[in-house]
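In what follows, a single structure is set out as structure tokens and then discussed.
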Amino acid sequence: MSSKITKVKGIYDILGKEAKAFSLIEETFFKLTKLFGYERVFLPILEREELFVRSVGDTTDIVEKEMYTFEDKGKRKVALRPEGTAGAVRAYIENQVFLSESYTKWSYFGEMFRYENPQAGRRRQFYQAGCEYFNAPLPTADGELIYLASWILKELRVNAELYINNIGCEKCRPRYKAYLIDYLFSKKEKLCSDCQKRLERNPLRVLDCKNPTCRDIVEEAPNILDFLCEECKDHFEKLKEILDILKIPYKVDPFLVRGLDYYTKTVFEFKVNSLGAQNTVLAGGRYDNLIKELGGPDIPALGFAMGVDRVALCILNLLEDKREGVIILPFEEKYIPFALKVFKLLSEATNILEKIEEEIDTKKFLFVKNLMENEKLRNFMIEVRNRIELPNKLGKIKKLFNLADKKNFAYAIVIGEEEVEKNFITIKNLETREQFNLPLNMLEV
RNA sequence: GUGGGCGUAGCUCAGCUGGUUAGAGCGAGGGACUGUGGAUCCCUAGGUCGCCGGUUCAAGUCCGGUCGCCCACCCCA
């Protein structure tokens, strides 16, 4: 063997159980976002670097040191997206979607890239499932969005707590910021070294420092909620009422600030306690100025992103492999033609089943009638619809059953001399070990 | 970017203060068992001991570097 090529640091193959978790998350996410009117969109992974500098913020760590940036062959400065909102907003503006739609709801699922040191729940290539809701000024939109987010997590059996805050708008935040900086400067020598740096670059981030002495200082700091303008205050009060009506439990955390510059008014986070340090599983908020700042019209918007890798970690041990599907087992090579016939008949029968559920065009087929009456057969056909496979090798019968068992099939179809001669199949339930026959002429219409 | 821990078979790990041919369990493949699986027993395959260099008569073991993994800081979903 020649020298092996390994993966690059922090970038992982998603296989096996984790892949199952990913699929379940994706499926659940799109099922529920669709229910709430979101359309799935497919956005570029590669964008101009400037997009993120201008939206995420040039003093954020994401932009300062975590972006994968490079020059392409046309000398364009490009970056792998570190998050999804900026690209969505760019697409919204560039395609002038606002001209033809009075409001727009998008959902997406895809990989993001940040050059960070890997740890539990943090990878350089990671996946986010996100929603963006454009042209939605009312606090009901915030409520609806949070309701959607909490439902997705509930459906996935993730126990998360919701924290909300309002970080003001361009009218009220500067005043708060000034007071905060004043206060923090008076305590500067007591702050940790990181916070002293934050004070210069991004003072709001001092508010969620984990250092205990910083926390004590923050406890006494001016509270953003006392500084909100009438509009922001009203928005926040209404949001809380909406959450109460929707019966979504939440905690107000006045020290909750988001790391990205574009947020205004509502911000929220769902946190779990089973995950270690990286415990935020879904987060988002309102970004009323971002569209304007990126050269579009003055349109309010909001959104959230869910950390797919982190949610997968949460639900990994909830996944059980259950028996599913059917494998056809011809005992010898000479029975393979018969097995192929069975394979074709059964897989086509699943199509007919689909149709019956919609239009009750049934009785046409004898086997369908039988199916409705015979519970055993019905359960079998449900599994046929889940999965049907032919074996890829011949061997001792014991081996074949062993294989069927290890691959978690629900049923095995036995094909040997007697079956071929009398034109039937023997169906074995691999869990109960029960067997029954199905004459094939029932399937041949 | 910083710090701590760790890299031996597909997986989980033994391998003493350096000493002959590198071990177990699980898993995989085969057999005992030629129309019926999960148990038991037997057999087999699979390792440049992450990689590079150094010390030594001798390195899986010691030293340096490097790559990767895990965890935390930081950051964020």
Side-chain angles (χ1 to χ4, degrees), chain A residues 1 3-12 16 25 56 60-67 82-85 109-124 126-131 149 153 158 160 192-195 197-198 202 205 208-211 257-260 268-272 275-285 303-314 323 327 329-332 335 393-409 411-420 426-435:
Chain A
M1 214 197 298
S3 69
K4 276 186 247 170
I5 298 173
T6 59
K7 66 190 188 59
V8 342
K9 180 173 179 171
I11 297 185
Y12 301 77
I25 292 163
V56 175
T60 61
D61 277 30
I62 294 177
V63 166
E64 273 192 343
K65 45 193 194 195
E66 293 174 0
M67 276 215 289
E83 59 101 41
T85 298
F109 184 103
E111 43 287 274
M112 310 291 160
F113 298 83
R114 289 182 202 171
Y115 193 86
E116 306 178 275
N117 257 345
Q119 81 187 65
R122 200 172 75 179
R123 298 170 169 186
R124 289 186 175 177
F126 60 103
Y127 292 76
Q128 284 190 345
C131 282
L153 292 174
V158 174
C192 71
S193 57
D194 284 323
C195 280
K197 278 181 234 149
R198 289 189 184 111
N202 201 345
R205 301 229 39 105
D208 57 12
C209 181
K210 286 175 197 156
N211 182 300
V257 289
R258 315 280 11 276
L260 288 68
F268 61 91
E269 266 183 26
F270 285 86
K271 291 185 188 179
V272 296
L275 229 49
Q278 310 300 319
N279 59 0
T280 300
V281 111
L282 186 157
F304 72 74
M306 174 167 73
V308 175
D309 310 66
R310 289 180 189 178
V311 172
L313 273 179
C314 292
R323 292 184 177 278
I327 186 164
L329 300 179
F331 287 162
E332 284 176 53
Y335 307 133
K393 58 189 80 149
L394 291 164
K396 295 228 166 88
I397 288 143
K398 274 184 184 281
K399 293 287 163 199
L400 292 178
F401 275 98
N402 213 333
L403 182 89
D405 186 49
K406 282 188 180 139
K407 284 280 188 183
N408 263 318
F409 284 96
Y411 292 90
I413 293 171
V414 177
I415 292 172
E417 196 179 350
E418 209 191 330
E419 282 83 0
V420 173
T426 302
I427 296 163
K428 176 165 187 173
N429 181 321
L430 289 169
E431 198 172 341
T432 64
R433 296 177 173 231
E434 213 182 335
Q435 287 193 179

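Values below: every heavy atom of this structure, side chains too, minus hydrogens, waters and symmetry copies. Convention: sequence-line order gives letters A, B, ...; per-chain numbering from 1.
For A:Q278 against B:C71, no side-chain N or O and base N or O form a donor-acceptor pair under 3.5 Å. Interface remark: the A:E64 side chain does not form any donor-acceptor pair with the B:G1 base, using a distance-only criterion of under 3.5 Å. Under 3.5 Å, the side chain of A:K398 and the base of B:U36 form no donor-acceptor pair of N or O atoms. Taking 3.5 Å as the limit, the base of B:C74 and the side chain of A:R198 contain no donor-acceptor pair of atoms between them. Interface remark: the A:R122 side chain does form a donor-acceptor pair with the B:C74 base, using a distance-only criterion of under 3.5 Å. Side-chain atoms of A:R258 stay outside donor-acceptor range of the base of B:C76, with no qualifying N/O pair under 3.5 Å.
Checking each of A:M112, A:R114, A:K9 against A:R124 for a side chain to side chain contact (heavy atoms under 4.5 Å, CB included) leaves exactly one that passes, namely A:K9.
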Using a cut-off of under 3.5 Å, enumerate the N/O to N/O pairs linking the protein to nucleotides 26-30 of chain B.
| residue | atom | partner | partner atom | Å |
| --- | --- | --- | --- | --- |
| B:A28 | OP1 | A:K406 | NZ | 3.2 |

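Here A:F126 counts as stacked on B:A77: its ring centre is under 5.5 angstrom from the base ring centre and the planes meet at under 30°.
A:E66 comes within 4.0 angstrom of sugar-phosphate atoms only, judged by non-hydrogen atoms across all strands, and of no base. Counting any heavy atom pair closer than 4.0 Å across all strands shown, A:G303 reaches no nucleic acid atom.
With both ends at atom C1', the span from B:G46 to B:A28 equals 9 Å, rounded to whole Å.
Across all strands shown, B:G60 forms no Watson-Crick or G-U wobble pair with both distances under 3.5 Å.
Applying the salt bridge (charged side-chain N to carboxylate O under 4.0 Å, His left out) rule to pairs touching residues 394-406 of chain A yields A:R323-A:D405, sequence neighbours excluded.
The side chain of A:Y12 approaches B:C70 more closely than any other nucleotide in the set B:C74, B:A77, B:C70.
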